[in-house]
Amino acid sequence: MLGAIEAGGTKFVCAVGDATGKIIERIQIPTTIPEETIVQVIDFFKQYPIKGMGVGSFGPIDVNRDSPTYGYITSTPKLGWRNYPIVRTLKETFGVPIGFNTDVNGAALGEATYGAAKGLDSCLYITVGTGIGAGAVVHGKLLQGFSHPEMGHILVRRHPEDTYQGKCSYHHDCLEGLAAGPAIEERWGDKGVNLVERSEVWEMEGYYIAEALMQYVLILSPKKIILGGGVMHQEQVFPSIYKHLKNLLNDYVSLPELSEYIVRPGLGDNAGIIGALLLAQQAIEER
Ligand code: ADP
Ligand code: ZN
């Protein structure tokens, strides 16, 4: 039995399951302060004989094993979680191998193993939710350098009709600052779920996502692109993405049919938690 945590900015999803992606039990815990949230996480997992644990976390996080702060959540604006040693806390409690990566890297692993990119040795998983992040599988492995990639913070060209200043507290009008859920809400004055009828919202959203996808396609050449996260529940964004991306690429690279190349997660909203089970299995194998 394996333990899996999808640590998000609004909620922690905890599950026990196995490396085939089978989930036996799961719960959700609100993300408040670490002292409150982690106590509940520990109470849940204490009920099960877990052999390893995987954590897919909101970031940025320290994934460099040589670093003294390996396993920490680092420069998050979320109060109380900055410099929080989540891996050490779990390790001291459970004494099992702990796999640790970003939430989007976990989801990318899940999708590449059991989801929309099953059988492919490369894919890109992007979430558009409270933030924007992406995880890439390249040659069958998660892409990592001195740290994990931060593809949500790339700069994109502005939509000609967009006067919104942007919401990223680090870069203002990076992709996340212009196109994540909170940016949509502030620009248009209401939450995304309440803007379903406003076609201009989703036209602009598709424009920004296509700007980013062009960069990702040209740099990484992923074999499949998977778009998850709350905002992508608006299916009407997809036609806008296809239209703008086709215009931007202008037939320079030959891609498969865009509706088959850029898709929703095959594992639905379970991509992240199943990915965390796989991170747990990897941690056991590495030991
Ligand atoms: P998180 O990123 O915190 O893990 P989500 O992926 O659900 O969680 O993203 C939350 C963001 O997505 C919020 O800004 C919310 O307004 C937006 N969102 C959630 N569901 C929808 C939806 N059905 N349509 C449009 N926007 C949505
Ligand atoms: Zn940014």
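Both ligands and their constituent atoms are indexed starting at 1 by order of listing.
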- Task: State yes or no: do V237 and V156 share one hydrophobic cluster built from I, L, V, M, F, W and Y residues joined by side-chain heavy-atom distances below 4.5 Å, directly or via other members?
- Result: yes
- Item | Contact check: C168 to the Zn ion (ligand 2), N/O/S below 2.8 Å | yes
- Nearest to the Zn ion (ligand 2) - the N/O/S atom of H171, by atom name: ND1
- Message: When you group the ILVMFWY residues by side-chain heavy-atom contacts below 4.5 Å and let the links chain together, are I38 and M53 in the same group?
- Response: yes
- Query: Are K243 and E203 close enough for a salt bridge, meaning some N to O gap below 4.0 Å?
  - Reply: yes
- Task: Examine distances only and state if a side-chain atom of K224 and a backbone atom of E260 form a donor-acceptor pair shorter than 3.5 Å.
- Result: yes
- Item | the Zn ion (ligand 2) - name of the N/O/S atom of H153 that sits closest to it | ND1
Does ligand 1 have any N/O pairs with the protein under 3.5 Å, and how far apart?
from: ligand 1; atom 1: 2 (O); to: T130; atom 2: N; distance (Å): 2.9
from: ligand 1; atom 1: 2 (O); to: T130; atom 2: OG1; distance (Å): 3.3
from: ligand 1; atom 1: 3 (O); to: T10; atom 2: OG1; distance (Å): 3.4
from: ligand 1; atom 1: 3 (O); to: T130; atom 2: OG1; distance (Å): 2.7
from: ligand 1; atom 1: 6 (O); to: G230; atom 2: N; distance (Å): 2.8
from: ligand 1; atom 1: 9 (O); to: T130; atom 2: N; distance (Å): 3.3
from: ligand 1; atom 1: 24 (N); to: Q234; atom 2: NE2; distance (Å): 2.9

- Task: For Y207 and P160, indicate whether the former's side chain and the latter's backbone hold a donor-acceptor pair under 3.5 Å.
- Result: no
- Any side-chain donor-acceptor pair under 3.5 Å between E211 and Q215? no
- Item | Common cluster, L245/V231, ILVMFWY with side-chain heavy-atom separation under 4.5 Å | yes
